[in-house]
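Naming convention: chains lettered A, B, ... in sequence-line order (proteins, then strands); numbering from 1 in each chain.
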Protein chains: 2
Amino acid sequence: MYFVLLFYFIFATPMKKKATIHDIARELNINASTVSRALADSPRVKEKTKKLIQEKAAEMGYSRNHLASNLRTQRTHTIGVIVPNISRHFFSTVIGGMEEIVSEQGYNLIICQSHDSAEREAQLVDTLLANQVDGIILSIATEQSDGSHIQRIEASGKPVVFFDRECKTIQGHNVLIDDFSRAYELTDSLIQNGCRHIVHLGGNSEASIYQDRLRGYKDALEKNNIEFQEDWVFKSRLKQLDGQEIAQQLLAKDKMPDAIFSANDVAAIAAMEVLQKAGIRIPEEIKVFGFSGEPISAYTSPALSTVNQNPNLMGQKTAELLLDQINGTQLPVHNTIIPSEIIIRQSSLKTD
Amino acid sequence: MYFVLLFYFIFATPMKKKATIHDIARELNINASTVSRALADSPRVKEKTKKLIQEKAAEMGYSRNHLASNLRTQRTHTIGVIVPNISRHFFSTVIGGMEEIVSEQGYNLIICQSHDSAEREAQLVDTLLANQVDGIILSIATEQSDGSHIQRIEASGKPVVFFDRECKTIQGHNVLIDDFSRAYELTDSLIQNGCRHIVHLGGNSEASIYQDRLRGYKDALEKNNIEFQEDWVFKSRLKQLDGQEIAQQLLAKDKMPDAIFSANDVAAIAAMEVLQKAGIRIPEEIKVFGFSGEPISAYTSPALSTVNQNPNLMGQKTAELLLDQINGTQLPVHNTIIPSEIIIRQSSLKTD
DNA sequence: ATTAAAAATACAATCGATTGTATTTTGTGT
DNA sequence: ACACAAAATACAATCGATTGTATTTTTAAT
């Protein structure tokens, strides 16, 4: 037995026991509650003993155990964030914006990726709730789901804010851009530049953003007296491969479109490359318009027209809204619209 | 008093008290410890009562409180990650790789940004330690520091792995690429393509990666009998603005260089744009080589030569190494080198 | 039926900090 | 010096789950 202890101390020395308030209390012949109050700078402790305790704490390398503190106070100062994919520029920028806001108030973010899987998203929600986060920020997976995990958040009473993808399962705060208007504007811009046969690369039709972009497209066609054609719409996950495949399909057709409106930049760029390799000139023969404002879009040749979604601002607003809820400033549930604008570049311009 | 309670229940209804193991125990006239064991599927509980308990738990919507559990077990299954900036493609991809690995073993990541400030980094380290993370992954800020916060990690006995930026403060695991060799190779490649006057845009000279890239550059010059000139090296933070300013400085000189080796892509692209706007043709008059493999580099015109750092793999290896340490598989401290390769594109090619 | 062994469950301490209440100490006025 | 209020500190319960030990119940063997 002693042998084992010896063994333990020799080989596991890094495992130093951290000092607790009780250790400090013992050293000073004082009660732990006083130590706790002193370290919290409570007026209930005499200045002199406060100083004594704080010095001893520093000397012993004390650091408050947040687990214990959080358990007692029922607050963790931690916010759970679930996004489809952290390495997409849009999302990492949104998160950057959130971080700016929450860190000012001493909050931390736990960031998780759903990879657009509803099942994983549900898992993550449960983990976050079990970890007692103070609130959840969620960009819902495009994959269809019964929304039961969303209801679990609601049942927990924890504040939640949705961004980018609107939540229809429960009444909650959504921070969005006006996908419909931007889609309308960009489609209209293509038409003004002479396009009459505009193909749309759309995303999962369960997701509100893709529904709205499609609606904007349809509406612009209608207003310009262009008949909407079902087979001009290609639905996919809008990954690089999807863009490439759809471009191939277009190349195989008798009649090529004179424009492509892709619901994201990744697919737009992929399609553009395939078309160009096949000898098609952009924007002369086909104009292309993307969506989501990836930084790459400025560097493609020709530069890709797209939509700036102000992701940093979106992150800030989302975080502010959540903190307001956490702090009890009960705001009426509503949707916040973040300003956005279409960016017209070479790829969609008229050429004479 | 009752009135206050009434008020509370009417207006704060979302605040539902979650069921605890004690609640379940009370309902079943059983002891909480048995409930705890049943939910952990311990063999010490009869199958019949286990089922009873699990059903009741489900019925009451029970969910384990990780705070309490973590406090007792002294493990949080949470890993703290500190990176300079989450929205840089390299880092978000590294994090993606980490997440793939740790989520398999039921771990979560707390992701923080240091913005390359040593002070903020130190703060974050303390917060993470106070939150009792099971380990820390760190890409050290380039800003100089006394390294005291690194020593605090060591003192805590918590496992730590460094990646991308080597830690010289303490002996620890580092996951790196061979910056020296890649810098050597790319400089040599420029020389083979006829360049004799190669300017280097370097980063903070405290950071090992920038030291090594500079060394590779110097070494390649020396091996090719080209005299190293101090004023060919421009040190900066390698942001967009830095690249632009340095390009302006170059334009103002009597004799322009015939190549630029930038220690990152952002500065390389910024410089390239300024030079091109001034009428200089790339790669005909000046060849440019970047570093870090930003996706944008493939889309600039001309496409930018760069170095692929395999960030996803780097994240995976880093996470594996940390988990090994957490799980007690004590590996000897060492540096892990992730394969990397130079990507030669249009911007650095010889033109005849 | 008796009893030892094995199985199942109950008890109680613990993790570390917080906080309402009780107690002791200090200070003031007379 | 005494009473009394105010200030400072101590006590003890609590947050919710875990776990070593003690106790009760069940099973099996004689």
Side-chain angles (χ1 to χ4, degrees), chain A residues 1 15-54 56-57 60-78 127 129-134 156, chain B residues 1 4 15-54 56-57 60-77 127 129-134 156:
Chain A
M1 189 52 176
M15 178 61 182
K16 274 184 209 102
K17 264 270 175 53
K18 290 135 298 191
T20 72
I21 52 171
H22 297 96
D23 298 326
I24 298 175
R26 201 177 312 114
E27 291 269 320
L28 296 173
N29 267 316
I30 222 177
N31 191 278
S33 63
T34 305
V35 176
S36 173
R37 290 197 166 96
L39 294 173
D41 203 28
S42 152
R44 278 180 58 174
V45 180
K46 212 201 307 182
E47 281 303 327
K48 214 170 107 193
T49 41
K50 244 188 226 176
K51 198 159 295 165
L52 209 69
I53 291 172
Q54 278 157 0
K56 183 57 99 180
M60 298 176 70
Y62 171 79
S63 144
R64 172 191 278 114
N65 184 327
H66 283 188
L67 280 189
S69 168
N70 292 342
L71 173 61
R72 181 64 229 253
T73 61
Q74 307 279 28
R75 292 195 75 181
T76 57
H77 290 272
T78 297
T127 307
L129 289 177
N131 276 298
Q132 314 294 122
V133 293
D134 289 344
S156 78
Chain B
M1 186 57 171
V4 170
M15 177 65 182
K16 272 182 211 105
K17 266 270 176 52
K18 290 135 298 191
T20 71
I21 52 171
H22 297 96
D23 298 327
I24 298 175
R26 200 177 314 115
E27 291 269 319
L28 296 173
N29 267 317
I30 221 176
N31 191 277
S33 62
T34 305
V35 176
S36 173
R37 290 197 165 95
L39 294 173
D41 203 27
S42 152
R44 279 180 57 174
V45 180
K46 211 202 308 183
E47 282 303 327
K48 214 171 111 193
T49 41
K50 246 189 225 176
K51 198 159 293 167
L52 209 69
I53 291 171
Q54 280 157 359
K56 184 56 98 177
M60 298 175 72
Y62 170 80
S63 142
R64 172 191 278 112
N65 183 328
H66 282 189
L67 280 189
S69 168
N70 293 342
L71 174 60
R72 182 64 230 254
T73 60
Q74 307 279 30
R75 292 196 73 181
T76 57
H77 290 272
T127 308
L129 289 177
N131 276 299
Q132 314 296 120
V133 293
D134 289 344
S156 78

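No engagement by B:Val35 is indicated, since no non-hydrogen atom pair under 4.0 Å with the nucleic acid exists.
Distances shorter than 4.0 Å separate some side-chain N or O of A:Thr34 from OP1 or OP2 on D:dA10. An OP1 or OP2 oxygen of D:dG16 is reached within less than 4.0 angstrom by a side-chain nitrogen or oxygen of A:Gln74. Distances shown here put every side-chain N or O of A:Asn31 at or beyond 4.0 Å from the OP1 or OP2 atom of D:dT9.
Remark on DNA chain D: of its neighbouring residues B:Ala19 and A:Ile30, the 5'-side contact belongs to A:Ile30, judged by nearest-heavy-atom nucleotide. Residues B:Asn29 and B:Thr73 both approach DNA chain C. Their nearest nucleotides, taken by heavy-atom distance, put B:Asn29 toward the 5′ side.
Residue B:Lys46 places its side chain closer to C:dT9 than to any other of C:dT9, C:dT21, C:dA17. Side chain of A:Tyr62, nearest nucleotide from C:dA17, C:dA8, D:dA17: C:dA17. Checked against D:dT19, C:dT9, D:dG16, the side chain of B:Ala68 finds its nearest nucleotide in D:dG16.
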Stepwise side-chain contact (heavy atoms from CB on, under 4.5 Å) test for A:Tyr62 and A:Leu39: CA-CA 10 Å; A:Tyr62 171 79; A:Leu39 294 173; 3.5 Å; yes

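Applying the 3.5 Å distance criterion, the base of C:dC11 shares a donor-acceptor pair with the side chain of B:Ser33. Between the base of D:dG16 and the side chain of B:Arg26 there is no donor-acceptor pair shorter than 3.5 Å. In this model, a side-chain donor or acceptor of B:Arg44 finds a partner on the base of C:dT9 within 3.5 Å.
Each of A:Thr76, A:Thr78, A:Asn70 was scored for a side chain to side chain contact (heavy atoms under 4.5 Å, CB included) with A:Asp134, with one residue passing: A:Thr76.
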